Amino acid sequence: TRQLRRLGASCDWANERFTMDEGFSKAVVHVFVELHRRGLLYRDKRLVNWDPHFRTAISDLEVETREVQGKFWHLAYPLADGSGTISVATTRPETMLADMAVAVNPADERYAHLVGTMVRLPITGRLIPIVADEHADPELGSGAVKITPGHDFNDFEVGRRAGIAPADMLNMLDAEARIVQCGGVPDALIGLDRFEARKAVVALLEAEGALEKIEDRLIQTPYGDRSGVVIEPWLTDQWYVDAKTLAGPALDAVRSGAIRVVPETWKKTYYNWLEDIQPWCVSRQLWWGHQIPAWYGPDGTAYVAATEAEAHAQAGVEVALTRDPDVLDTWFSSALWPFATMGWPEADPKAMGRYPNDVLISGFDILFFWDARMVMQGLEFMGDVPFRTLYLHGLVRDATGAKMSKSKGNTVDPLGLIDRFGADALRFTLAAMESQGRDIKLDEKRVEGYRNFATKLWNAARFAQSNGIGGSTTQEPPSATLPVNKWIVAETIRTVQALDLALADLRFDEAANTVYQFVWSRFCDWYLELIKPAVSGVERGAVDAETQAVAGWVLDRILVLLHPFMPFITEELWHALAPREHDLIVAAWPMADARGLDPAAQAEIDWLIRLIGDVRAARAELNVPPGARLAAHLRDADVETVARLERNRAAIERMARIAIDPAPAPTGGAAQVVVDEATYVLPLEGVIDLAAERARLARAAEGAEKERDALAKRLGNPGFVEKAKPEAVDKARADLAERSAEADRFRIALKRLG
RNA sequence: GGGCGCGUAGCUCAGUGGUAGAGCACUGUGUUCACACCGCAGGGGUCGUAGGUUCAAUCCCUACCGCGCCCACCA
């Protein structure tokens, strides 16, 4: 929570909850008792994934399969009547001590005559039957397979089918996976660790001549995800939740769209898991956690109740009861989070309007552990989905792309990054890099870049402050008459629209990039540069109040839009720029009302930006000294352009460092800049390299011609004109005309140069 | 074995059936009074490979190659 606080997570910290809190614990007990009452939770003796290091049962999800180099031992079990042997193979030879059968496929004619006969198990000398079972695959190995019901999930099922009750299944291991007596295990083996026992058993088999051969092979081995030791299937009594029944409604909720999953591709994963779900083992032999609300009588009968008194009510007051010492899987309580946090079952979160939630934002790594189980429990106990949208984001990985984990110790400490670049920069980085369905390799350079962005914003605000700009909180933009102001208002509204769309789609990267591009490339690079003369009073001899008001309004909008990404700096600037009635965090989100915008003004500024840009590019390419002011003589300019030039004279002179000269261009060397219909001739006799200017113009002409020819070719294709969408054809025609005219103008300029 | 994802500029990544984008890095340049954590200009990609569909494919389909993840009882 320290990290979250420093990141500026706007949680309701006054309502912090911990699953072990008293109120939450009551909800956990209630759910356990209720599930039991509804027949959805029961005690069962069956094989469980057992962690011999922590000496506890774990759930299927806590087992990770690793491929390791192992061996495959082929054993020869003698037939009881002495007529020969039958071959079986195993990757875990020590388990033969607890073998209770050999299985062959009922359709396997090779062994049909042996079914029902006995085998004398090596080492222990026990007689075990040869049984017919579909599990045995005739294609694999010898076609016969040893059956150890107490130590293998498949064999457990085979054993049951063969009529062996779980209570009668041989169990050869203790909780720490050491050999115990069962079915005639030699004393020498008792107490050996399972891996020591393996060596010993192999040696004994070899001595008996029962070892046929040993092969190297890769084997899939289960490991505990926390302990890292090999998991043993172990026969114990545990509490299980009937996950299959709970999964039905959870599947329907996503199938019907009651829960929207983003990105959609995760739906399939969700379905696959829930459709094939196994009983969920929820008891743990640990001392830390919610203790299971079950009491046992002297005869082992379990009484599930919220309190010991209620258990006595079931068992009878005179019966001595002992509480189950086990605790619940931590995810059992976590699954109740969406409603147990709000006082349920005493309070009714639905009536409070706090259930369902809108969006759950979650890493995909806990989709099964937590998300799906919240859906199951939420539907079972609240009768509704816990959240309407499930957003699954990528995982932050280390520089090499490996998943960060506490146990591996390769975590990136967000606090260190915050210390160096600020929480705002880190938040913006994570948002900008969070594109759906992809992990994030955290790049420090990126964080640094967004730190720079924050600094840029800071400096822009400083500029505003020193020019009387700031503190215009109205939703409606101030009235604007100047094209530059109309333009930035339109750009702002466009940005709000784009941001709204991106956020509605949960595209945080798109949202971040949109606002970044607007603030830096539009507002700072163009708008602030364009209005400098106006707000400093240089232009008209007095500061322009309209521009101040518009700039202040835009800056305010920027702070609001940026706040979700960069809450700290924006809140600071919000208060620094003007006295405010409330904090930025509760400011109204900007409206995206595009009515009343002036397209002509927008077109004018777009033209202005093109003109300044083209002049700058020509100057840079021709190595004109940056400080030099040049005259620009007009050719072919229409009335509209002349008017625009007049309206934007100051900005053009300032930013392109040219002065429009009505006089015809003098003869001699000159650079020529073509923007739309007009050509701007910049006399540079003796200053520029004519060859360089010729090359520049020729390159521009060739570029336009190349595009012109490509368009002409496409339009010359009958297939295109007939089959393409009319809009595409129209656009191609318009582009062709434009490129063609442009190419001509460059050629004319080139010719003029001589 | 089943499922999913990725392979686009040097790096990290967006993206679209109709002439390829961002940030960083790189090159040139700059003492214009918000900012060098900056400005201006610029170079750089046969969009993994091979087929197919289409007037048109980086984008759709198929196969293949490489990388990653999840699930799974082949003894």
Side-chain angles (χ1 to χ4, degrees), chain A residues 60-61 64-65 72 88-92 103 135-137 139-148 152-158 219-220 222 233 263 265-266 268-269 271-273 276 364-365 367-368 394-395 397 401-403 421 425 429 432-433 435 437-446 448-467 507 509-510 513 516-517 521 524-525 528-529 532 536 612-613 616-621 623 625-627 654-655 657 703 706-707 710-711 714 717-725 727-729 731-732 735 739:
Chain A
D60 296 352
L61 284 179
E64 54 181 57
T65 307
F72 202 40
V88 295
T90 180
T91 55
R92 304 173 59 208
H135 169 64
D137 184 345
E139 305 294 317
L140 287 174
S142 67
V145 56
K146 65 192 265 319
I147 300 299
T148 320
D152 181 281
F153 288 101
N154 283 314
D155 294 2
F156 180 82
E157 296 302 329
V158 175
I219 48 179
Q220 308 293 322
T265 169
W266 286 106
K268 198 159 186 173
T269 306
Y271 295 148
N272 287 347
W273 186 63
D276 201 30
F364 63 75
D365 54 334
L367 172 60
F368 304 144
L395 268 33
R397 296 180 176 277
K403 181 180 169 180
F421 302 112
T429 305
M433 302 208 57
S435 54
R438 195 155 173 152
D439 287 345
I440 297 174
K441 259 186 255 174
L442 198 53
D443 180 4
E444 228 172 79
K445 297 296 286 181
R446 201 73 184 253
E448 186 183 350
Y450 291 122
R451 186 273 316 267
N452 296 350
F453 176 59
T455 306
K456 184 79 177 177
L457 178 71
W458 183 264
N459 284 315
R462 273 203 326 155
F463 169 80
Q465 202 171 32
S466 62
N467 286 283
R507 286 306 304 256
D509 58 336
E510 217 172 284
N513 289 331
Y516 178 98
Q517 142 81 20
S521 307
C524 290
D525 285 351
L528 290 185
E529 293 304 325
K532 270 179 183 172
S536 65
I612 293 170
R616 281 173 171 173
R619 294 177 61 118
E621 250 180 287
N623 292 316
R654 217 177 95 81
M655 295 176 68
R657 298 192 85 72
K706 195 178 152 201
E707 291 180 22
L711 287 161
R714 195 190 307 167
N717 178 350
F720 175 69
V721 182
E722 285 161 24
K723 297 183 183 173
K725 284 176 296 198
E727 309 92 82
V729 179
K731 183 173 186 309
D735 288 350
R739 288 294 89 97

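All of these numbers come straight from a predicted model, not from anything done at the bench. Each chain gets a letter, A, B and so on, in the order the sequences are listed, and its residues count up from 1.
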Asks: Whether A:Asp439 and A:Lys441 form a salt bridge (side-chain N of Lys/Arg under 4.0 Å from carboxylate O of Asp/Glu) is what I want to check.
Replies: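 A:Asp439 and A:Lys441: not salt-bridged.
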Asks: Would you compute the distance between atom NZ of A:Lys445 and atom CZ of A:Phe421 and round it to the nearest 0.5 angstrom?
Replies: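 Answer rounded to 0.5 Å: 8.0 Å.
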Asks: On the side chain of A:Lys456, is there an atom forming a donor-acceptor pair with the base of B:rC35 - under 3.5 Å, no angle test?
Replies: yes
Asks: Any donor-acceptor pair, under 3.5 Å, between the side chain of A:Arg451 and the base of B:rC37, if you only look at N and O atoms?
Replies: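 Such a pair exists between side chain and base.
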Asks: Phosphate oxygens OP1/OP2 of B:rU29: is one of them under 4.0 Å from a side-chain N or O of A:Arg616?
Replies: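 A:Arg616 to B:rU29 OP1/OP2: no side-chain N or O under 4.0 Å.
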Asks: For B:rC73 versus B:rG2, give the span between their C1' atoms, rounded off to a whole number of Å.
Replies: 14 Å
Asks: Students often mix this up, so state it plainly: with edges at 30° and 60°, are the rings of A:Tyr516 and A:Tyr450 parallel, tilted or perpendicular?
Replies: perpendicular
Asks: Determine whether any donor atom in the side chain of A:Glu529 lies under 3.5 Å from an acceptor atom in the base of B:rA34, or the reverse, and answer yes or no.
Replies: yes
Asks: Below 4.0 angstrom from OP1 or OP2 of B:rC38, is there any side-chain N or O of A:Asn452?
Replies: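 Answer yes for this pair, as a side-chain N or O of A:Asn452 is under 4.0 Å from OP1 or OP2.
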Asks: If B:rG10 has a Watson-Crick or G-U wobble mate with both distances under 3.5 Å, name it; if not, just say none.
Replies: B:rC24
Asks: Establish whether the base of B:rA25 is bridged to the side chain of A:Lys445 by a donor-acceptor pair shorter than 3.5 Å.
Replies: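 It does not, because no donor-acceptor pair links the side chain of A:Lys445 to the base of B:rA25 below 3.5 Å.
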Asks: Expressed as a whole number of angstroms, how long is the span from A:Asp439:CG to B:rC4:P?
Replies: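 My rounded result for the distance is 18 Å.
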